[in-house]
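Report on the structure given below.
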Amino acid sequence: MNTVKQFVLLLMLIVGVFVVGSSIYTVDEVEQVIITQFGKPVGEPVVEAGLKFKVPFIQEVNPIDKRVLEWDGAPSDMPTKDKLYISVDLFARWRIVDPLQYFLRLRDERSAQSRLDDILGSETRNAVAKHELIEIIRTTKDRVPLIDTVLGGAVSSSTEQGINMGALVPIEKGRKLVEQEIFTAAAEKVGVFGIELLDIRFKRINYNESVRPKIYDRMISERRQIAERFLSEGNGEAARIRGNRVRDLNKIQSEAYRKVEEIRGLADAKATEIYARAYNQSLQSVEFYEFTRTMASYPAIIGERTTIVLSTDSDLFKFLKGMTSTVDIITR
């Protein structure tokens, strides 16, 4: 009999421990709990950490994370306003602020991630389709481009002639405002699920694989066009420098020749003046000067096969009249 009583007491103790254990639960600091009875939520969500009680067996504890959670979407191809297909990789941060609404609509985190995929992917596609690529790439509309100091002068002159190098295309918003557009539109839609969207960012933006070779070819073509423009400008500048060199050289030579002729003219005039003073001192000196100048002119006028016809009263002939008799006298 005592054995039976001990067995019954032991059984009641075990049942009591089991009942008490099934009616006690703990809420962690990073959790919030929804109590369900036969699958339906009862009471308010439990958001404070500690030891809690519930009706055993018929009520279940459904923990819900209340930390900041991560959403990392898969890269998706989408067209921009300027018809360029790009691959956009997005990430976001979110948390559950209304656990009851979250539980009724989504139940678990997997469903929430799937719904975020749909909403954020759709809003991203809509935002990208409304903006050109430069709006999504540029951080803000106030960014100033960096210009190579070595090519600074060339870039300035090229920009004046139509090359858009070093100058960014004017934009209206920039990537930050595009992200804000996506955030605003998506936050309103996910709010009905008891979710608060905290932040959203572009993680990576790249050209679609199918259009990437065409983009690279266009970039190469544009750089080649710029290089050819620089080469053309360089050749033009070289031709201008060579032309200026030839012009300056001709000018220097012309001025030098003029200076030489002026000096030579002054020298001849001075020599003539000296000769005039030297040979004009007496009648004999004048005659001697006339004789020497005439004799000096004969080698320039008369060659080995030169035939000269002179009149008897010619100035050149008057000194040749007595040459025959003189030669005869010397011969004798």
Atom OH of residue position Tyr85 - does it have more than 12 heavy atoms of other residues, nucleotides or ligands inside 6.0 Å? no
About how many Å separate CZ of Arg242 and CD of Glu237, when rounded to the nearest 0.5 Å? 11.0 Å
Decide whether Leu104 and Val190 are clustered together by the hydrophobic rule: side chain heavy atoms of Ile, Leu, Val, Met, Phe, Trp, Tyr closer than 4.5 Å, transitively. yes
Between the main-chain N or O of Ile137 and the side-chain N or O of Arg175, is there a donor-acceptor pair closer than 3.5 Å? yes
Closest non-hydrogen atoms of Leu197 and Ala187, given as atom of the first, atom of the second and distance, are CD2-N, 3.9 Å
In sequence, state the C-alpha distance, the side-chain angles, and the governing distance for Ile24 and Lys52, and then conclude on side-chain contact (heavy atoms from CB on, under 4.5 Å). CA-CA 6 Å; Ile24 297 175; Lys52 308 296 179 180; over 6 Å; no
Above 12 or not: heavy atoms from other molecules or residues under 6.0 Å from NZ of Lys81? no
Within a strict 4.5 Å, meaning less than it, do heavy atoms of the Glu179 and Phe202 side chains meet? yes
For the residue pair Lys54 and Tyr25, establish whether any side-chain heavy-atom pair is separated by less than 4.5 Å. yes
Should the heavy atoms of other residues, nucleotides or ligands under 6.0 Å from CD of Gln37 be counted, would the total exceed 12? yes
Met78-Ile182 co-clustered via ILVMFWY side chain contacts under 4.5 Å: yes
If you look at every heavy atom in Ile205 and Ile86, which pair is closest and at what distance? CG2-CD1, 4.0 Å
Asn235-Ser232 side chain donor-acceptor pair, cut-off 3.5 Å: no
Would the distance check show the side chain of Thr36 and the main-chain N or O of Pro41 forming a donor-acceptor pair, the cut-off being under 3.5 Å? no
So, taking the atom named NZ in Lys203 and the one named CG in Asp89, what distance separates them when rounded to the nearest 0.5 Å? 4.0 Å
Before giving the answer on side-chain contact (heavy atoms from CB on, under 4.5 Å), spell out for Leu100 and Ile34 the whole-Å C-alpha distance, their side-chain angles and the decisive distance to 0.1 Å. CA-CA 7 Å; Leu100 181 58; Ile34 296 292; 4.3 Å; yes
Answer yes or no: does atom CD of Glu222 have more than 12 heavy-atom neighbours from other residues, nucleotides or ligands under 6.0 Å? yes
Under 3.5 Å: donor-acceptor pair, side chain of Tyr257, backbone of Ile252: no
Treating Thr184 as the side-chain partner and Gln180 as the backbone partner, does any N or O pair qualify as donor plus acceptor under 3.5 Å? yes
Reported CD-to-CZ distance for the pair Gln225 and Arg223, which is rounded to 0.5 angstrom: 10.5 Å
Is the shortest heavy-atom distance from the side chain of Val42 to the side chain of Gln59 under 4.5 Å? yes
Would you confirm whether Thr272, through its side chain, and Asp268, through its main-chain N or O, come within 3.5 Å as a donor-acceptor pair? yes
Can Leu231 be reached from Ile226 by stepping across I, L, V, M, F, W or Y side chains whose heavy atoms are under 4.5 Å apart? no
So which atom in Arg125 and which in Asp77 form the shortest heavy-atom distance, rounded to 0.1 Å? NH1-O, 3.2 Å
Ignoring hydrogens and angles, tell me if any N or O in the side chain of Glu181 forms a donor-acceptor pair with the backbone of Lys176 under 3.5 Å. no
Compare all side-chain heavy atoms of Glu109 with those of Leu69 and state whether any distance is below 4.5 angstrom. yes
Ser254 vs Asn250, test: side-chain contact (heavy atoms from CB on, under 4.5 Å). Steps then yes/no. CA-CA 6 Å; Ser254 176; Asn250 292 336; 6.0 Å; no
Between the main-chain N or O of Ile96 and the side-chain N or O of Gln32, is there a donor-acceptor pair closer than 3.5 Å? yes
Ser221 and Asp217, any side-chain heavy atoms less than 4.5 Å apart: no
Kindly check if the number of other-residue, nucleotide or ligand heavy atoms within 6.0 Å of CD (Glu261) is above 12? yes
How about CZ on Arg240, more than 12 heavy atoms from neighbouring residues, nucleotides or ligands closer than 6.0 Å, or not? yes
Rounded distance [0.5 Å steps], CD1 in Ile136 versus CG in Leu177: 12.5 Å
Cation-aromatic face contact Arg107/Phe103, 6.0 Å, 45 degrees: yes
Counting only heavy atoms not in Glu273, do more than 12 fall under 6.0 Å of its CD? yes
Would you say Val192 and Trp94 are hydrophobically clustered, going by side-chain heavy atoms of ILVMFWY under 4.5 Å? yes
Side chain to side chain, Arg258 and Glu262, heavy atoms closer than 4.5 Å: yes
Spatial distance of atom CD (Glu188) from atom CD (Glu123) [nearest 0.5 Å]: 9.0 Å
Search all heavy atoms of Pro99 against all heavy atoms of Ile64 and return the closest pair with its distance. O-CD1, 3.7 Å
Any idea which heavy atoms bring Thr124 and Val88 closest together, and the distance? CG2-CG1, 4.1 Å
When hydrophobic residues are tied together by side-chain contacts of less than 4.5 Å, even through go-betweens, does Ile220 share a cluster with Leu84? no
Between Trp71 and Asp117, is there a side-chain donor-acceptor contact under 3.5 Å, judged purely by atom types and distance? yes
Would you name the heavy atoms of Ala186 and Leu120 that are closest together and state the gap between them? CB-CD2, 3.3 Å
Taking the side chain from Asp28 and the backbone from Glu31, do they hold a donor-acceptor pair closer than 3.5 Å? no
side-chain contact (heavy atoms from CB on, under 4.5 Å) between Ile263 and Val260, worked out: CA-CA 5 Å; Ile263 295 173; Val260 167; 5.8 Å; no
Look at Arg67 together with Asp65 and state whether they make a salt bridge at an N to O cut-off of under 4.0 Å. yes
Close side-chain approach of Thr80 and Glu132, heavy atoms under 4.5 Å: no
When rounded to the nearest 0.5 angstrom, what distance separates CD in Glu48 from CD in Glu29? 10.0 Å
Please examine the side chains of Gln101 and Phe193, heavy atoms only from C-beta on, and report whether any two atoms are closer than 4.5 Å. no
Do the side chain of Arg95 and the main chain of Ile195 share a donor and acceptor less than 3.5 angstrom apart? no
